[in-house]
2 protein chains.
Amino acid sequence: MTTTSVTSPAPIASDPGNVPAEASRPLRKDAARNRELLIASAREVFAQRGMEATLDDIARHAGLGVGTAYRHFANKHELARALMEQTIDGIVAALDAAGANPDPLAGLIGFLESAMAVQAADRGLRQVMMGMHDAAQMEQVHDRMGPVLEDLVGRAQAAGQVRLEVGPTDIGMMVTMLCTVADIVADAAPELWRRYLAIYLNGICTQTCSTDVMAAFPPLSEAQFRTAMAAYKGSLG
Amino acid sequence: MTTTSVTSPAPIASDPGNVPAEASRPLRKDAARNRELLIASAREVFAQRGMEATLDDIARHAGLGVGTAYRHFANKHELARALMEQTIDGIVAALDAAGANPDPLAGLIGFLESAMAVQAADRGLRQVMMGMHDAAQMEQVHDRMGPVLEDLVGRAQAAGQVRLEVGPTDIGMMVTMLCTVADIVADAAPELWRRYLAIYLNGICTQTCSTDVMAAFPPLSEAQFRTAMAAYKGSLG
DNA sequence: CTGTACCGGAGGTTGTTCCTCCGGTTCGTC
DNA sequence: GACGAACCGGAGGAACAACCTCCGGTACAG
C-alpha cells in the first residue's frame with residue numbers, strides 16, 4: 001500500500017527526518033534522546049502488554065512525563081503503527097525468502113517457524129496479525145502475503161507434500177490459532193506453539209512426522225494448563 | 001437461537017425458589033412473566049454478544065426497563081453464572097457419556113463434536129470455557145472433566161488409536177484453539193470449526209482420516225478469510 | 001376500590017482513557 | 001554567563017462507559 005512517508009530506511013528509530021510537513025531543524029539534544037527512549041519503551045511495552053497499553057504507560061516506562069510523550073507522538077496509534085510496520089516488513093521478507101525455497105514444504109515450515117517466533121514474543125504484534133487492533137494494517141499484510149502463500153501451498157501440494165484438501169486460508173487460520181496458544185502460554189511455556197504447529201502440520205501433510213518436536217515440547221501438565229488458562233483471563237482485548 | 005420455551009424445568013428458569021434467605025410468596029403475575037423474559041433475553045444476549053453485555057442490554061432486549069432487571073438480579077454475574085452452569089452441566093454430562101463408550105477414540109471425538117457445537121453457538125460460553133470471564137467456574141469445569149479426559153486419552157492410546165506423545169492437556173488446548181476459530185467465523189461459517197477439528201485429530205491420531213469432513217467444510221476463500229478476520233476486531237475481551 | 005407490589009428510565013457514582021496546559025527547567029547561542 | 005527559545009513534567013479536565021439507585025407512576029390482587 002502507500003508506503004508511509006512517516007519514516008525512512010531505519011524508520012522511526014533513527015533521526016529527526018519524520019516530521020512530514022516541515023523541514024524541521026534538528027531536535028535539541030535532550031529532545032532527541034527522549035524520543036529514542038520513548039520509541040524503545042514503546043517497543044517493549046507493546047510487546048509485553050499489547051496494544052491496550054497507554055501512551056502514559058509508555059512514557060512512565062521510559063522514565064518520562066506524559067506531556068513529553070504527547071509532544072513527540074500525536075497518539076499511541078501513530079507510534080504503534082510505525083513500530084509494527086517495521087516488524088511486519090521483516091515477516092513479509094521472510095515469506096518472500098521462503099517462496100524462493102526449492103522445497104516448498106520446507107520453505108513453508110521455515111516461514112511459519114520464524115513468523116511465529118516473532119509473534120510469540122510480541123503481544124502487540126499478535127493483536128495486529130489477528131485483526132484485533134488495526135484493520136488497515138492487517139489488510140496490508142494479507143495483500144503482501146496472500147499470493148506467496150497460495151503459491152507455496154500449491155507447489156507443496158503438487159510435490160505431494162501437502163494434502164490436496166488444504167487451502168491457503170488454512171495456513172492463516174493455523175497462525176491465528178497458534179497465536180491464541182502463544183497468548184495463553186506466553187509466560188508458562190513461550191515456545192509451546194511449536195508443539196501445536198507440529199501437530200497441525202501433521203494434520204495437513206501427507207506424511208506423519210514431527211515426533212521429535214512433540215518430544216522436545218511436551219504438553220502442559222494439568223496444573224500448568226489450569227494456571228495458564230486462569231492467567232489468560234484478561235489477556236486479550 | 002432455539003425457539004424453546006423460556007419456561008424450562010431447569011434451575012433458575014422456573015420459579016421463585018431461588019431467593020435464598022426467604023420463603024417468598026409467589027411472584028405477582030407480571031413480575032413472573034418479566035423474570036422469564038429476562039432470563040430468555042439473557043440467554044440470547046450472552047450467546048450473541050458475550051459476557052461484556054450489560055444488564056441494561058439484556059433488559060432492553062427483553063423490552064423492559066433497567067430497574068426491572070436489577071430488581072430481579074443483583075448484577076449480571078449472578079445471572080450469567082446460573083445460566084452458564086446449566087449449559088456446562090450439559091457438556092460435562094456429554095463427557096461422562098463419552099467416557100462410557102467402549103471405543104475410546106469414538107467417544108472422544110463424539111464428545112468434542114458435541115461440546116464444540118454448543119460452544120460455537122454461544123460466545124458467552126466460549127469466554128467462560130477459555131477462562132476469559134469467570135475463573136472459578138472454569139476451575140469447576142476442569143475439576144469435573146480432567147479425570148475423564150485423561151482416562152479417555154489414555155485408553156485411546158492403549159488401543160493404538162492416538163499417538164503416544166499426546167497428553168490430556170493437548171485436548172484442552174485444541175478446544176481452546178477451535179473456540180478461536182469459532183469466534184472468528186461465527187457469522188461467516190459457523191461450522192468451520194469441524195474442519196480444523198478434523199485436521200487436529202489427524203495430527204494426533206495414528207491413522208489418517210477425515211478427508212470427507214474436510215471436503216464437507218472447505219476452507220474459507222481468501223476474501224471470506226479477510227472479511228472474517230476484519231470483523232473479528234472487537235470480538236474478544 | 002384500595003393498597004401494595006411492581007415498572008421504567010433518568011441520572012448519579014465510579015472508573016478509565018486520552019490529552020492539554022503551564023510553571024519550571026535545560027539547552028545552545030551570543 | 002546570561003538570555004530566550006525549546007523542552008520537561010504531571011496535575012487535572014474532558015469524554016466515555018459500565019453499573020446501579022431512586023421515585024413518580026402503573027398494574028395487579030383481594
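Being a predicted model, the structure only gives us computed values, none of them experimental. As a basis for the values below, the full set of heavy atoms in this structure was taken, side chains included, without hydrogen atoms, waters or symmetry mates. The chains referred to below are lettered A, B, ... by the order of the sequence lines, with proteins before strands, and numbering in each begins at 1.
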Which nucleotide, [options], lies nearest any side-chain atom of [X]?
| X | options | value |
| --- | --- | --- |
| A/R71 | D/dG9, C/dG9, C/dC18 | D/dG9 |
| A/R28 | C/dT26, C/dC18, D/dT21 | C/dT26 |
| A/L64 | C/dC6, D/dC19, D/dG9 | D/dG9 |
| A/T54 | C/dC18, C/dC7, D/dC20 | C/dC18 |
| A/D30 | D/dC19, D/dC20, C/dT26 | C/dT26 |

Rounding to a whole Å, what distance do you find between [X]:[atom1] and [N]:[atom2]?
| X | N | atom1 | atom2 | result |
| --- | --- | --- | --- | --- |
| B/L55 | D/dA17 | CG | P | 18 Å |
| B/M51 | D/dA17 | CE | C1' | 20 Å |
| B/R35 | C/dC6 | CZ | C1' | 14 Å |
| A/K29 | D/dC8 | NZ | P | 14 Å |
| B/Y70 | D/dC22 | OH | P | 14 Å |
| B/F73 | D/dC20 | CZ | C1' | 16 Å |
| B/L37 | C/dC6 | CG | C1' | 14 Å |
| B/I58 | D/dA18 | CD1 | P | 13 Å |

Is the A/H142 ring parallel, tilted or perpendicular to the B/F225 ring (thresholds 30°, 60°)? tilted

A/N34 side chain N/O closer than 4.0 Å to the phosphate oxygens (OP1, OP2) of D/dC8? yes

Phosphate contact (C/dC18 OP1 or OP2) by A/K76 side-chain N/O below 4.0 Å: yes

Has the side chain of A/N75 got a donor or acceptor atom sitting under 3.5 Å from an opposite partner on the base of C/dC18? no

Note: B/R33-B/E36 ion pair, threshold 4.0 Å (strictly below): no

Contact nearer the 5' end of DNA chain D, comparing B/G67 with B/H77: B/H77

By nearest-heavy-atom nucleotide on DNA chain D, the more 5' of B/R33 and A/G63 is A/G63

Does the side chain of [Y] come within less than 4.5 Å of [X]'s, by heavy atoms?
| X | Y | answer |
| --- | --- | --- |
| A/M132 | B/Y232 | yes |
| A/L220 | A/R226 | no |
| B/R43 | B/M84 | no |

